[in-house]
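Below is one structure, written out as structure tokens, with a few remarks after it.
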Number of protein chains: 2
Amino acid sequence: MNGKATTTRTRLDRGRNALGPALELVHTGRAPTRAVLTAELGVTRATAGAVAAELEALGLIRVDSNPGAAAGSQGRPSHRLAVDEKGPVALAAQVHADGFRAALVGLGGTIVATAPGCVTVSADPAQVLGAVVDAGAALLRESGRRCVGAGLAAPSAVAEPEGTALNPLHLAWPAGAPVREIFAERVRAAGIEGPAFTGNDVNLAALAEHRHGAGRGARDLLCVATGHRGVGGALVLDGRLHTGSSGLALEVGHLTVNPEGRPCHCGSRGCLDVETDPLAFLTAAGRVPGPEVSLLQQSRDLLRTSPDDPGVRVAVGELIDRLGLGLAGLVNILNPDRIILGGLHRELLDADPERLRAVVADRSLWGRSGGVPILPCTLDHNSLVGAAELAWQPVLDDPLAALGREPA
Amino acid sequence: MNGKATTTRTRLDRGRNALGPALELVHTGRAPTRAVLTAELGVTRATAGAVAAELEALGLIRVDSNPGAAAGSQGRPSHRLAVDEKGPVALAAQVHADGFRAALVGLGGTIVATAPGCVTVSADPAQVLGAVVDAGAALLRESGRRCVGAGLAAPSAVAEPEGTALNPLHLAWPAGAPVREIFAERVRAAGIEGPAFTGNDVNLAALAEHRHGAGRGARDLLCVATGHRGVGGALVLDGRLHTGSSGLALEVGHLTVNPEGRPCHCGSRGCLDVETDPLAFLTAAGRVPGPEVSLLQQSRDLLRTSPDDPGVRVAVGELIDRLGLGLAGLVNILNPDRIILGGLHRELLDADPERLRAVVADRSLWGRSGGVPILPCTLDHNSLVGAAELAWQPVLDDPLAALGREPA
DNA sequence: CTGAGTTTGTGCCGCTACTAAACAAAGTAC
DNA sequence: GTACTTTGTTTAGTAGCGGCACAAACTCAG
């Protein structure tokens, strides 16, 4: 009887490699029960059980032993899996033309708390980012919850790997501002734990829609949206954002959609940017935009108050035709299996979905690829939720390492 | 002393999961020695050794114990790894405007044997594919080597998952011909072992260039090429072809590159297809194309015989400008880290690389993404090599399962 | 209400494919 | 020739799974 036992098993002897995938399944709502989790992971019940127990021990999910309203089929009801509503949160921040917004986002993409800050956007990035981070820090203190990290959604292309904002034009920031660095520094200064990330707002909206919204289940998801000026695009491939080699992919604004259109600063004319953004809409509708509120808001107001105004109808039709041409061009290049529209483009889709779909199908090659579903985005504050996804990603990739136990 | 030994080790007790990745490293030339293989795989020397031994036992690679001209640094010289030149081959087939071609391609993308068939391309796909498969079968018999499968490069978009050719216009085939099915059936009928695959020729050329040619090491590789009529594109992301959700991605031919250009059958005008293909070149140079040989060949001949002819120079300049505009549009959408040009586009690049690079940089956003390297393709018969890659893929994914031992 | 059937959770055993570590081999550097 | 460096090999140990048997929790038929 020597002291050397054959093997003193540690508590967690399985499921280590499946921990991340399992959490992602719960996070995206694809694993409502332990039985489904078992099937989705392709492991045995024993392993899935260990995984669920470990994620519960980490405070990330809850395993509801009480079956309650299980029902449905025969057999023993499966334990329900859900995100732990008292678990950690990610700090999400967004800066846009109308101001900024901070929020706490839990697993599953649920916004736990939010604080809009409508101060005038300053020309100094450090000042604005400091304000939004401070607002987030206040939310965190109030909630008393653990923070896994912070994410920022910026209304600009973000160059990789430097993290500089290349075209923050409507923020009046200097082009090339090192937003990622500034944001990370402010996050550290505010005493917020965890890493800090920065991404383009349309990219992050696409990511959020893919995981929690209208893009669920899509393999090649294309998102196109317009907020204030210009048009943004994003592509999610196999669940991951495609940002290109230097973060500049899906700069779709300069597709030609109207050869006789108005000149664009890029040197061409009739670009998607200048033909389908809110300014183009207001102009086409014969309105003169005011300075008080964002152009998107003015466009929405106009669409809601006078949808039957002749000028508005013409403008809607024109913009739909231009947008459809641009989308068809993207369909021919990317061949997505779903398209999601945001901002004013979403309003255009709502105004006349048939017309838009017809244009896209007509101008896509062989019609086939043109039959792609075009949907409006469904999440509130999807860029904000997407920013939180950035912060959650390390936890989804490796929960043990990210949460500090057993530092990998 | 019971008969149960603690564990009777089987021959291969490690490296099972690393077998595929290891073979891919040797296949693409990224693992010249066992030491490098160890580092690239991120495993211990023991595992890498077992992997190399197993791949050698499978007849796929050779481990050169004889150091020979090792040298270089200190320490014990590493065993060199190389593809086994007597190992199995893949049957590659290509059909194009000038005829067809069959070849045997070994690991590493080396063409072992080839047989061009220059018969007139028939309007009956089954007949042409039968001829090319028969030519390949003859090569196989002569060589006496084992066959891992067959791949076909078709000059048409291939719809997924059906495998139908959507636009085999210059073959005079019916649109929608089930080429994948026909090819697979002919391969079976010829008694060739292994699965049969079919892909678009430009896609396959891109795959081949990525693994063995000018695209090595690129993460986001864009290929654009023009053969006879129209323009093809392909994208390789993280080593895998991006074909889109229904195989129709990178149909780049209808980007607008000349708003006042000639009308295109797609309904627009000035499309890349009609502005930069060999017909456009010959026309711009004031030549009337003849019917004997492919338009690409006529263009090449013209470029080589009269490069200083004023008409030719103007045509080259015009086409470069149009092509550059199209590439810039793709760069803005895809943000690749490398571009490879084939067919006539390659000739245009060779004719005036600076002009093309300048146009792309000038019309790309913020210049940054426009600084992407633009290179000519470097492989002979890259579509053919790419077709073989399709057949090799199962072996690269799981050598044991694909080669029949221990059927997974 | 009872027993059969179905589906899910859990404990135990063993295997497989790895790592770790010590050692041997084959070169270079001085 | 000796020290050092790097690579290959052998052996022992083990993490993280699968497989199986059994228990648990339901439905359903009668």
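Only this structure's heavy atoms are used, side chains among them; waters, hydrogens and symmetry mates stay out. The sequence lines fix the lettering, A, B, ..., with proteins before strands; numbering per chain opens at 1. Please read all numbers here as calculations on a predicted model, not as lab measurements.
- Remark: A/E56 engages no residue in a salt bridge (Lys or Arg N to Asp or Glu O under 4.0 Å) (not counting sequence neighbours).
- Residue A/N17 has its side chain nearest to D/dG16 when only C/dC18, D/dG16, C/dG9 are considered.
- One can place CD of B/E54 at 14 Å from P of C/dT16, the figure rounded to the nearest angstrom.
- Atoms CZ (B/R45) and C1' (C/dA22) sit 11 Å apart, rounded to a whole Å.
- Every residue two or more places apart in sequence or in another chain that forms a salt bridge (Lys or Arg N to Asp or Glu O under 4.0 Å) with B/R211 is listed here: B/E389.
- Partners of B/T28 according to the side chain to side chain donor-acceptor pair (under 3.5 Å) rule, which considers only residues two or more places apart in sequence or in another chain, are B/R30.
- Every residue two or more places apart in sequence or in another chain that forms a salt bridge (Lys or Arg N to Asp or Glu O under 4.0 Å) with A/R180 is listed here: A/E160.
- Between the side chain of B/R14 and the base of D/dT11, at least one donor-acceptor pair of N or O atoms lies under 3.5 Å.
- For B/R80 and C/dG27, the CZ to C1' distance is 15 Å, given to the nearest whole Å.
- In terms of the side chain to side chain donor-acceptor pair (under 3.5 Å) criterion, A/R188 has no residue partners (sequence neighbours excluded).
- Atom CG of A/L152 is separated from atom CG of A/L390 by 9.0 Å, given to the nearest 0.5 angstrom.
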Side chains of residues 35-48 of chain A: which donor-acceptor partners sit under 3.5 Å, not counting sequence neighbours?
| residue | atom | partner | partner atom | Å |
| --- | --- | --- | --- | --- |
| A/T38 | OG1 | A/R34 | O | 2.8 |
| A/T44 | OG1 | A/T47 | N | 3.4 |
| A/T44 | OG1 | A/T47 | OG1 | 3.2 |

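- For A/R16 and D/dG16, a side-chain-to-base donor-acceptor distance below 3.5 Å is absent, hydrogens and geometry of angles not being considered.
- For B/Q74, the listed nucleotide lying nearest its side chain is C/dT28; candidates were C/dC18, C/dT28, D/dG8.
- Rounded to a whole Å, the CG atom of B/D13 is 12 Å from the P atom of C/dT19.
- A close approach under 4.0 Å does not occur between any side-chain nitrogen or oxygen of B/S78 and OP1 or OP2 of D/dT6.
- Judged by atom type and distance alone, B/R76 does not reach the base of D/dT6 through any side-chain donor-acceptor pair under 3.5 Å.
- In this view, B/R62 and B/E85 satisfy the salt bridge (Lys or Arg N to Asp or Glu O under 4.0 Å) rule, not counting sequence neighbours.
- D/dA15 atom P lies 14 Å from atom CG of A/L400, rounded to whole Å.
- Taking the six-membered ring wherever Trp is involved, the centroid distance between the rings of A/H212 and A/H27 falls below 6.0 Å.
- Axis deviation across the helix from C/dC1-D/dG30 to C/dC30-D/dG1 amounts to 20°, comparing end segments of five pairs, rounded to 10 degrees.
- Contact annotation for B/A46: base contact, defined as any heavy-atom pair under 4.0 Å involving a base atom.
- Residues from residues 20-44 of chain A with heavy atoms under 4.0 angstrom of DNA chain C, sorted by number: A/R34, A/A35.
- The CG atom of A/L81 sits 9 Å away from the P atom of C/dG9 (whole-angstrom rounding).
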